[in-house]
Visitor: 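Below is one structure. I have some questions about it.
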Amino acid sequence: MNTHPIRQIIEACDKAISAKDFDSLMTYYAEDAALVIKPGMIAHGKESIRKAFIAIAEHFQGQLVVEQGEMQVIEGGGTALVIMETVLRYPDDQGKTRETTRRATYVFRQESDNCWRCTVDNSYGTSLLQGDAD
């Protein structure tokens, strides 16, 4: 089975988030990207996205671990839609590890240097429509 290069990019992003390596993480985002921080709150542009990831890491006391589950990549017209399971592990209020699986949606664009970069990062996926996304 031929693996789409975006799968490796997402794996690298997940490792960078878990390691709090935000400089490496930002290399995978387009300058004009958008990140859904939580329902109703979106960061625009790489600098805002970087700050959001730092705040997210601080919120989870630096213990957020992100991994990917099932993934589908649908490519067309120099863009790709990624539909996947994003698995989040983090400490809860009692210090126990909690695990949440989201059905995320991401959009990537193939840039002029032939690299794929994320333009829309929505780890909540279609849960945004419900208004009570976890």
Side-chain angles (χ1 to χ4, degrees):
M1 179 178 150
N2 190 7
T3 304
H4 198 284
I6 290 176
R7 179 175 288 277
Q8 282 83 31
I9 291 168
I10 291 172
E11 287 174 7
C13 288
D14 289 347
K15 286 178 185 170
I17 291 167
S18 298
K20 298 174 288 305
D21 181 0
F22 304 113
D23 291 338
S24 293
L25 179 62
M26 288 303 100
T27 65
Y28 300 107
Y29 282 83
E31 289 296 331
D32 57 352
L35 166 71
V36 177
I37 300 168
K38 63 182 183 181
M41 184 181 291
I42 300 174
H44 294 277
K46 283 173 77 165
E47 189 54 37
S48 293
I49 291 170
R50 186 179 197 288
K51 288 177 183 173
F53 274 113
I54 291 168
I56 291 165
E58 289 171 357
H59 174 77
F60 290 110
Q61 298 97 45
Q63 297 178 53
L64 177 64
V65 175
V66 184
E67 296 177 349
Q68 64 282 337
E70 292 295 317
M71 181 186 305
Q72 294 286 324
V73 178
I74 304 158
E75 187 180 333
T79 61
L81 172 64
V82 180
I83 301 168
M84 65 174 276
E85 293 175 325
T86 297
V87 181
L88 306 172
R89 281 197 262 320
Y90 53 91
D92 65 14
D93 294 340
Q94 286 75 42
K96 295 181 180 158
T97 300
R98 189 164 171 211
E99 182 173 302
T100 301
T101 300
R102 295 179 181 163
R103 289 184 170 229
T105 54
Y106 305 103
V107 177
F108 281 77
R109 176 175 63 217
Q110 196 164 29
E111 306 252 303
S112 58
D113 61 1
N114 220 24
C115 293
W116 288 96
R117 291 203 175 73
C118 185
T119 57
V120 179
D121 181 334
N122 174 22
S123 69
Y124 294 92
T126 58
S127 297
L128 288 180
L129 298 174
Q130 297 166 344
D132 61 349
D134 181 21

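Index from 1, following the sequence. Owing to the predicted nature of the structure, the values given are computational and were not obtained by experimental measurement. What you see below is based on every heavy atom in this structure, not just the backbone, and it leaves out hydrogens, waters and symmetry mates.
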Visitor: Taking C-beta and beyond as the side chain, do R109 and D32 meet within less than 4.5 Å on heavy atoms?
Guide: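 Contact flag for R109/D32 side chains = yes.
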Visitor: If I take atom CG from residue N122 and atom CG from residue L35, how far apart are they, to the nearest 0.5 angstrom?
Guide: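 These two atoms lie 9.0 Å from each other.
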Visitor: I56, I17: one ILVMFWY side-chain cluster at the under-4.5 Å cut-off?
Guide: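 As far as the 4.5 Å side-chain criterion goes, I17 and I56 are connected within one cluster.
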Visitor: Do T86 and Y106 touch side chain to side chain, with heavy atoms closer than 4.5 Å?
Guide: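 Of all side-chain heavy-atom pairs linking Y106 with T86, at least one is under 4.5 Å.
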Visitor: Are L25 and V87 connected in a single hydrophobic cluster, I mean Ile/Leu/Val/Met/Phe/Trp/Tyr linked by side-chain heavy atoms less than 4.5 Å apart?
Guide: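 Different clusters: V87 never reaches L25 through Ile, Leu, Val, Met, Phe, Trp or Tyr contacts under 4.5 Å.
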Visitor: If you measure from CD on Q68 to CG on D14, what distance do you get to the nearest 0.5 Å?
Guide: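 So the gap between those two atoms works out to 4.5 Å.
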Visitor: Rounded to the nearest 0.5 Å, what separates atom NE2 in H4 from atom CE in M71?
Guide: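 CE of M71 is found 10.5 Å from NE2 of H4.
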Visitor: Looking only at heavy atoms, what is the nearest atom pair of A34 and H44, with distance?
Guide: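 The answer is CB-ND1, 3.8 Å.
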Visitor: Using only atom types and a distance under 3.5 Å, with no angle test, would you say the side chain of T119 pairs donor to acceptor with the backbone of V107?
Guide: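 Answer holds: yes.
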Visitor: Can you name the nearest heavy-atom pair linking S18 to V66, along with the distance?
Guide: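 Looking at all heavy atoms of both residues, the closest pair is OG-N, 3.0 Å.
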Visitor: Has R89 got more than 12 heavy atoms of other residues, nucleotides or ligands less than 6.0 Å from its CZ?
Guide: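 Yes, enclosed.
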Visitor: Let me confirm one number: the CD-CD distance from E67 to E85, rounded to the nearest 0.5 Å.
Guide: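 So the CD of E67 and the CD of E85 are separated by 12.0 Å.
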Visitor: Are M26 and I37 connected, step by step, through hydrophobic side chains (Ile, Leu, Val, Met, Phe, Trp, Tyr) whose heavy atoms are closer than 4.5 Å?
Guide: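 In one cluster: yes.
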Visitor: NZ/K20 to CD/E58 distance, rounded to the nearest 0.5 angstrom?
Guide: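 One gets 11.0 Å once the value is rounded to the nearest 0.5 Å.
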Visitor: Are any non-hydrogen side-chain atoms of R98 and Y90 less than 4.5 angstrom apart?
Guide: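 A side-chain contact exists here, since the closest heavy-atom pair is under 4.5 Å.
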Visitor: Which atom pair, heavy atoms only, marks the closest approach of A33 to C118?
Guide: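 So the two residues come closest at CB-O, 3.4 Å.
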Visitor: If you count heavy atoms of other groups shown closer than 6.0 angstrom to CD of E70, is the number above 12?
Guide: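 No.
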Visitor: Below 4.5 Å, heavy atoms only, C-beta onward: do R103 and T126 meet side chain to side chain?
Guide: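 No. Closest side-chain heavy atoms not under 4.5 Å.
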Visitor: Taking NZ in K46 as the centre, count heavy atoms belonging to other residues, nucleotides or ligands within less than 6.0 Å. Is the count above 12?
Guide: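 Atom NZ in K46 is crowded, with more than 12 foreign heavy atoms closer than 6.0 Å.
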Visitor: State yes or no: do L88 and M41 share one hydrophobic cluster built from I, L, V, M, F, W and Y residues joined by side-chain heavy-atom distances below 4.5 Å, directly or via other members?
Guide: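 Linked, L88 and M41 end up in one cluster.
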Visitor: Supply the atom-to-atom distance I6 CD1 to C13 SG, rounded to the nearest 0.5 angstrom.
Guide: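 One finds 10.5 Å between CD1 of I6 and SG of C13.
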Visitor: Evaluate the side-chain proximity of R50 to Y29: yes if any heavy-atom separation is below 4.5 Å, no if none is.
Guide: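 Y29 does not reach R50 side chain to side chain.
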Visitor: With hydrophobic residues grouped by side-chain heavy-atom distances under 4.5 Å, do V120 and V82 end up in a single group?
Guide: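 Shared cluster, no.
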Visitor: Go through the steps to decide whether Y28 and D121 satisfy the test side chain to side chain contact (heavy atoms under 4.5 Å, CB included), and finish with yes or no.
Guide: CA-CA 11 Å; Y28 300 107; D121 181 334; over 6 Å; no
Visitor: Quick one: does L64's side chain get under 4.5 Å of F53's, heavy atoms only?
Guide: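 In short, these two side chains do not touch, never coming nearer than 4.5 Å.
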Visitor: What closest approach, in Å, do G69 and R7 show between heavy atoms, and which atom pair accounts for it?
Guide: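 So the minimum-distance heavy-atom pair works out to O-NH1, 4.3 Å.
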Visitor: Taking all non-hydrogen atoms of both residues into account, name the closest pair between W116 and T79 and its distance.
Guide: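 The pair with the smallest heavy-atom distance is CZ3-C, 3.7 Å.
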Visitor: Under a 3.5 Å distance rule, please check whether S127 uses its side chain to pair with a backbone N or O of Y124 as donor and acceptor.
Guide: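 Yes: the side chain of S127 pairs with the backbone of Y124.
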Visitor: Do you know which two heavy atoms are closest between T105 and G125, and how far apart they sit?
Guide: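 So the minimum-distance heavy-atom pair works out to OG1-CA, 3.7 Å.
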